[in-house]
Amino acid sequence: MIRRTGCLFRDGIGRSEFVSFHENVALTEYRYSDGRDQTAPSRMLVSELGSLSLEFTRLSQLTGDPKYYDAIQRISNVFEDAQNTTKLPGMWPVSIDAATPSFSSDTMFTLGGMSDSLYEYFPKQYLILGGLLQQPKTLYENFIKVAKELMFFRFYNPANLDLLVSGDIRATGTSDSTIEYRLNPRGQHLTCFTGGMVGLASKIFSRPDDLEVAEELTKGCIWAYDSAPNGIAPEIYTVVPCPKNSDCKWDDSIWHDVLNKNYGFNKATPLPNIDHIIAERRLYPGLTGIDDRRYILRPEAIESVFIMWRITGKQEYQEAAWRMFQAIEKVSRTEIAASAIADITVTGDGMESQKMDSMESFWLAETLKYFYLCFEEFDVLSLDEWVLNTEAHPLKRPTRCGGGGRREE
């Protein structure tokens with residue numbers, strides 16, 4: 001009876017969401033009461049359209065009703081058809097026209113906010129389908145080739161560690177023949193999921209060379225934590241990219257030159273003292289800017305740390321998780337909950353005034369869950385048995401039965 005009630009509950013929610021689907025795409029606004037026809041928006045975020053596959057597929061598996069999977073599979077087909085039609089072939093822009101549908105107008109590409117879970121779900125969709133459909137693998141392999149070439153970059157750091165950040169790309173030019181790609185060398189807390197994604201894909205898609213890429217992406221985010229004055233990375237920050245296929249050895253003068261270029265006065269006046277720039281903007285070695293100083297209890301960094309710990313078994317990831325947890329606990333704890341921080345670069349007694357009256361739900365659903373799992377046995381939510389969706393909710397992977405088919409547990 002409990003199992004049956006659970007299926008009815010899930011199916012009820014699924015039906016209420018299903019009405020938002022229209023032809024090839026899903027809508028982002030629902031009109032339940034006035035009875036008017038629904039139309040897909042001409043402008044929506046690509047992550048809104050691309051973050052449905054895992055949940056609707058699992059719902060079809062649980063209820064036995066294929067309509068949920070059919071709906072999102074039609075969306076996946078649209079993504080596949082459009083993959084090489086964008087301003088950056090292989091990837092999809094932040095903003096799309098879902099009414100047409102068209103993916104060719106926007107020129108901004110990122111694995112960060114507003115796009116992240118679209119890309120995250122390709123390897124996870126492959127897993128929830130038991131590897132029976134090659135499309136998610138194809139979509140992943142086509143985009144990761146572009147991301148590795150244009151988005152992932154090494155950056156100068158005082159310890160000369162081999163680290164990567166996933167930056168943002170702006171496509172410029174009026175035609176295919178004149179188009180150029182400009183890298184914005186900023187790290188987002190939201191892009192820190194990429195290390196885990198690439199690591200997971202390196203295993204399930206037999207891409208062993210990508211495991212090193214996954215580790216360097218994850219360690220890039222660990223560095224952003226360890227180097228910060230409070231041991232916590234800010235929401236968005238900028239670093240100095242190293243020249244491709246060239247020396248990446250730290251030199252104070254390289255860092256200082258970028259700071260002077262960004263914050264120096266005009267040519268008619270002397271440059272401000274470099275120490276003044278660093279102190280005034282509360283920068284630490286390697287950072288050239290902090291675009292968003294908040295820490296809002298995000299999970300993406302610890303998510304990748306957890307996945308790399310499970311994949312490699314390297315103790316350094318568990319140790320990094322403990323450092324991160326202690327740092328967050330120290331600055332965010334209140335009498336009743338954990339608090340987001342308005343400016344994580346403030347130190348000392350000033351930190352108390354930076355606590356915000358806010359605790360996002362992902363702190364409980366994701367961040368604490370990943371921290372907990374970093375210190376649990378590997379058979380607790382084993383990645384061989386479960387897929388964690390973008391909110392870290394565990395979904396059971398189908399298992400192979402004796403006849404070579406698939407069965408549900």
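Sequence positions, counted from 1, serve as the residue numbers for this chain.
- In this structure Tyr370 satisfies the side-chain hydrogen bond (donor to acceptor under 3.5 Å, both in side chains) test with no other residue, sequence neighbours excluded.
- For Trp92 and Tyr119, the ring centers are positioned less than 6.0 Å apart.
- Contacts of Glu329 classified as side-chain hydrogen bond (donor to acceptor under 3.5 Å, both in side chains), with partners at least two apart in sequence or in another chain: Arg333.
- At distances below 3.5 Å, not a single donor-acceptor pair connects side-chain atoms of Lys124 with backbone N or O atoms of Val387.
- Figure legend: Arg170 and Phe109 shown without cation-pi pairing, the cationic atom not lying both under 6.0 angstrom from the six-membered ring centre and within 45 degrees of its axis.
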Worked verdict on Arg43 versus Asp106 for salt bridge (Lys or Arg N to Asp or Glu O under 4.0 Å): CA-CA 10 Å; Arg43 186 177 179 85; Asp106 194 9; 5.5 Å; no
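- A distance below 6.0 Å separates the ring centres of Phe79 and Phe103.
- Counting heavy atoms from C-beta on, the side chains of Ser332 and Leu297 come closer than 4.5 Å.
- Ring-centre distance between Tyr263 and His276: not below the 6.0 Å cut-off.
- In summary, the aromatic rings of Phe143 and Tyr140 are positioned with their centroids under 6.0 Å apart.
- Within the cation-pi definition used here (under 6.0 Å to the ring centroid, within 45° of the axis), Lys396 qualifies as a partner of Trp386.
- Side-chain contact, Tyr121 with Glu55: a donor N or O sits under 3.5 Å from an acceptor N or O.
- Residues Trp255 and Ile278 form a side-chain contact, since some pair of their non-hydrogen atoms from C-beta on lies under 4.5 Å apart.
- Using a 30° and 60° split on the angle between ring planes, Tyr284 and Trp223 fall in the tilted class, from 30° to 60°.
- Applying the side-chain contact (heavy atoms from CB on, under 4.5 Å) test between Thr110 and each of Asp116, Asp168, Leu190 identifies Asp168 as the sole match.
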